[in-house]
Amino acid sequence: QIKDFPADFLWGAASAAYQVEGAWDADGKGPSVWDTFTKQPGRTFKGSNGDVAVDHYHRLEEDLDLMAQMGLKAYRFSVSWPRVLPAGRGAVNEAGLAFYDRLIDGLLARGIAPVLTLYHWDLPQALQDEYGGWEDRRIIADFAAYCGVLYQRFGHKVQHWVSLNEQNYNLTNAYLLGTHPPAVQDRRRFYQANHHAFLANAQAIALFRQTVPKGLIGPSFAYSPCYPSGSSPEEMLAFENAEEFTNWWWLDAYCLGRYPQAALRFLQANGEAPIIEPGDAELLAAGKPDFIGVNYYYTTTVTDNGLDGQTLQRINTTGQKGTTPSSGVPGLYRTTPNPNLATSNWDWAIDPTGLRTGLRRLTSRYALPLFITENGLGEFDQLTADEQVHDDYRIDYLRQHLLACQAALQDGVELLGYCAWSFTDILSWLNGYQKRYGFVYVDRDEVAVRSLRRIPKDSFYWYQGVIARGGRD
Ligand code: BGP
């Protein structure tokens, strides 16, 4: 039985602008790098894109009413930077801001706390074209100026803010796997882009302190706690390497204002370390978060990797089981399937205990409150003849992960809330619309927009009950 969540626990659900809004060129919006990228052949699953998405932009009231019906206490959404600043900086698009005013006011009127994400990957194309986006230090000032516009406009009515969403996952795809824009594979550029993102994150938080003194802000991190595949010293060392290179590199920079030493030495020796300028350390120290946003889907199991070992990076974007995802760095570690864990159709290990372990590790290392800003199961949902979706597998997944949260609370973890991913079905960046996450089914597929009708799934009514009972199942 699920119980003992704090009375003010933020029971929520999440989304991101590009994945739900649609209206990609409406009312003065500028193009983002995703608008451009998804129109290039072969980039996404069956050419799916967010031009219409689930048309949340035009169906706002209906979606808000469904959130109220569900009893949500919090809704996490992101603001589209080029909807607010079409050229990335300079002129503000009032119509864009007005949309987010309607969204925020609509949430507040229904007693739902808005959780505003400043950046969920939809960089203005203009900034990518002008100076290469995250690869140039000019992004730091431009991002701060954009954030300043939102702080001024919404700071008095939004208390919870997420700075960067999954910098680690987004830039890994963008600069190592070549699967997100600008789709390159270059380790030196990867670390440099990340360095600028850390500085931009810190600058945005430092500005937040001055403008929204009562608010709370932190980045959301795609957190996949590592396991060693065995107990040999070599495997344990590979595990330590993987933790430094896939988790602590980001979280130490955010929360401690520095990079983990062994990883930094390795990168310096390989000519891959970022250029760190005078003043960078001070800026990182001035921009520490109030909480860590945790996006949790799976754990990663690693083993050792010889110097001529695997660098191949592979992800499953079809939902055909068995395209086991892999990644690694020669000499350091490589990922390997975990025979103890079941996997989803996209080969993601299902591991509720890993969430408990991860929350404890973060608490021990950083002593900060945590906020689960994403957790959920992507599956092929089927609509029955009488228009229902019996997603008992999703209910089971969410229930097990909430039980893990409860256990973590009893372990002493401070948890502000839990935002399931996602509220409605949405566009999955590389997997199209067939990989569904929502509590609410949306009638559309990869290319055919269809009716976009909203149909609550069984999980909708289950979560409604969980919230109503304060977490009891
Ligand atoms: C996170 C992103 C979300 C969402 C989710 C599910 O990485 O922050 O935007 O997409 O993962 O991932 P996917 O859509 O690849 O299944």
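In each ligand, atom 1 is the first atom listed, and ligand 1 is the first ligand listed.
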Asks: Using a strict 4.0 Å cut-off to heavy atoms of N165, name the atoms of ligand 1 that fall inside it.
Replies: 8 (O)
Asks: Indicate, as side chain, backbone, both or neither, the part of L430 found under 4.0 angstrom from ligand 1 when only non-hydrogen atoms are considered.
Replies: neither
Asks: Which protein non-hydrogen atom lies closest to atom 5 (C) of ligand 1, naming both residue and atom, and how far is it?
Replies: Y297 OH, 3.3 Å
Asks: Using 30° and 60° as the class limits, which term best fits the ring planes of F221 and W250: parallel, tilted or perpendicular?
Replies: tilted
Asks: Using the side-chain contact (heavy atoms from CB on, under 4.5 Å) rule, take V84 and Y100 through it: C-alpha gap first, then chi angles, then the decisive distance, then the call.
Replies: CA-CA 9 Å; V84 171; Y100 297 108; 4.2 Å; yes
Asks: Does T117 offer a backbone N or O that forms a donor-acceptor pair with the side chain of R76 under 3.5 Å?
Replies: no
Asks: Are any of the N or O atoms of S428 closer than 3.5 Å to those of ligand 1?
Replies: yes
Asks: Report the nearest protein non-hydrogen atom to atom 2 (C) of ligand 1: residue, atom name, distance rounded to 0.1 Å.
Replies: E374 OE1, 3.4 Å
Asks: With a cut-off of 4.0 Å, which atoms of ligand 1 are near a heavy atom of H120?
Replies: 2 (C), 3 (C), 8 (O), 9 (O)
Asks: With heavy atoms under 4.0 Å as the rule, classify the contact between W421 and ligand 1 as side chain, backbone, both or neither.
Replies: side chain
Asks: So is W346 in contact with ligand 1, going by heavy-atom distances below 4.0 Å?
Replies: no
Asks: Which residue owns the protein heavy atom closest to atom 7 (O) of ligand 1, what's the atom, and how far is it?
Replies: E166 OE1, 2.4 Å
Asks: Among Y191, F198, W248, find the one that has a ring pair (Phe, Tyr, Trp, His ring centres under 6.0 Å) with Y259.
Replies: F198
Asks: Quick one, N295 with Y223, criterion side-chain contact (heavy atoms from CB on, under 4.5 Å). Give me CA distance, side-chain angles, the key distance, then yes/no.
Replies: CA-CA 6 Å; N295 292 0; Y223 184 39; over 6 Å; no
Asks: Going by distance only, is there an N or O of W348 that falls short of 3.5 Å from an N or O of ligand 1?
Replies: no
Asks: I want to know if ligand 1 touches W121 in the polar sense, i.e. an N/O pair below 3.5 angstrom.
Replies: no
Asks: Could you tell me whether ligand 1 has any atom less than 4.0 Å away from a heavy atom of N431?
Replies: yes
Asks: Given 3.5 Å as the limit, does a donor-acceptor pair link the side chain of N241 with the main chain of F245, or not?
Replies: no
Asks: Which of the atoms in ligand 1, numbered in the order shown and given with their element, are less than 4.0 Å from a heavy-atom of Y437?
Replies: 6 (C), 12 (O), 13 (P), 14 (O), 16 (O)
Asks: Take the angle between the ring planes of W121 and W429 and call it parallel below 30°, perpendicular above 60°, tilted in between.
Replies: tilted
Asks: Check the orientation of F37 and W34. Use parallel for under 30°, tilted for 30 to 60°, and perpendicular for over 60°.
Replies: perpendicular
Asks: Parallel, tilted or perpendicular: which fits the ring planes of F77 and Y75, with parallel below 30° and perpendicular above 60°?
Replies: parallel
Asks: For ligand 1, which atoms, with element, lie under 4.0 Å from some heavy atom of W429?
Replies: 3 (C), 9 (O), 10 (O)
